Amino acid sequence: MTTELSRAESDTLLFESGVGVLALTDGTEAYSTPMSFGYDGEALYFQFVYTPESKKIAYLETTETATFTVYEEQSAKSVTVSGTLEPVLEDEETKAATAITENASIPTLNIYPDTAPDEFTVDYYRLTPTAITGRQFNIFTPNSEDQ
């Protein structure tokens with residue numbers, strides 16, 4: 001049995017989670033990847049580190065609505081955020097960096113060890129929610145009459 005989380009409960013899980021799964025699409029295939037993120041109560045922020053061959057960026061360019069999911073196993077709950085994912089403007093990069101520093105599980109550059117610094121690009125992206133939904137999965141414990 002599941003119950004819906006309130007917006008406040010969903011926000012709490014987003015603030016407490018530092019990593020989740022970002023899902024993108026090219027219109028035919030889906031692509032999902034674990035991502036650290038920052039949350040400021042209004043939007044989610046990501047730091048993308050990529051090379052020109054990046055599959056993530058290729059899918060990002062064709063995705064109209066991105067989906068990001070965080071979850072907690074111990075209390076069995078999850079929050080899904082859907083919305084538009086767009087580059088953060090240069091004058092808002094400090095806001096993005098602050099949210100990531102305060103929230104992300106890995107608030108630093110995450111690159112391949114064999115990649116030279118001049119081979120990758122670093123950009124901030126913001127997921128502006130059009131929907132935030134949360135669910136809690138209640139544990140069913142059968143009593144002796146149910147067995």
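Heavy atoms only: backbone and side chains are in, while hydrogens, waters and symmetry mates are out. Here the structure is a predicted model, which means the values were calculated and not measured.
Atom-to-atom distance recorded for R126:CZ and E42:CD is 9.5 Å, nearest 0.5 angstrom. Distance CD/E72 to CD/Q136: 8.5 Å, rounded to 0.5 Å. One finds the CD atom of E64 at 13.0 Å from the OG atom of S82 (value rounded to the nearest 0.5 Å). Rounding to the nearest 0.5 angstrom, the gap separating the OG1 atom in T98 from the CD atom in E92 is 12.0 Å.
Linking Ile, Leu, Val, Met, Phe, Trp and Tyr residues whenever their side-chain heavy atoms come within less than 4.5 Å places M35 and I132 in a single cluster. F68 and V49 end up in different hydrophobic clusters when Ile, Leu, Val, Met, Phe, Trp and Tyr side chains are linked at under 4.5 Å. Transitive grouping of hydrophobic side chains (ILVMFWY, heavy atoms separated by less than 4.5 Å) brings Y59 and I57 into a common cluster.
Taking a cutoff of 4.0 Å between a charged side-chain nitrogen and a carboxylate oxygen, E9 and K77 do not qualify as a salt bridge.
With a 4.5 Å cut-off on side-chain heavy atoms, V81 and L127 count as touching. Counting heavy atoms from C-beta outward, K95 and D40 have side chains that approach closer than 4.5 Å. At a threshold of 4.5 Å between non-hydrogen side-chain atoms, the residues Y31 and T63 do not count as touching.
For the pair K56 and F48, the cation sits on the ring face: its NZ or CZ lies under 6.0 Å from the ring centre, inside 45° of the axis.
Within a 6.0 Å sphere centred on OH of Y71, heavy atoms belonging to other residues, nucleotides or ligands number 12 at most.
Side chains of Y45 and N103: no donor on one and acceptor on the other come within 3.5 Å.
Although no hydrogens or angles enter the test, the distance criterion places no donor-acceptor pair under 3.5 Å between the side chain of S54 and the main chain of Y50.
Of the candidates V88, L85, L60, D123, L85 is the only one forming a side-chain contact (heavy atoms from CB on, under 4.5 Å) with F46.
The salt bridge (Lys or Arg N to Asp or Glu O under 4.0 Å) pairs that include a residue from residues 80-91 number zero, where partners must be two or more places apart or lie in different chains.
Considering every non-hydrogen atom in both S36 and S105, the closest pair reads OG-N, 3.7 Å.
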Kindly list each side-chain donor-acceptor pair under 3.5 angstrom involving residues 14-27, sequence neighbours excluded, with atom names and distances?
{"unit_1": "S17", "atom_1": "OG", "unit_2": "L13", "atom_2": "O", "d": "2.8"}
{"unit_1": "T25", "atom_1": "OG1", "unit_2": "G27", "atom_2": "N", "d": "3.0"}
{"unit_1": "T25", "atom_1": "OG1", "unit_2": "E29", "atom_2": "O", "d": "2.9"}
{"unit_1": "D26", "atom_1": "OD1", "unit_2": "T28", "atom_2": "N", "d": "2.8"}
{"unit_1": "D26", "atom_1": "OD1", "unit_2": "E29", "atom_2": "N", "d": "2.6"}

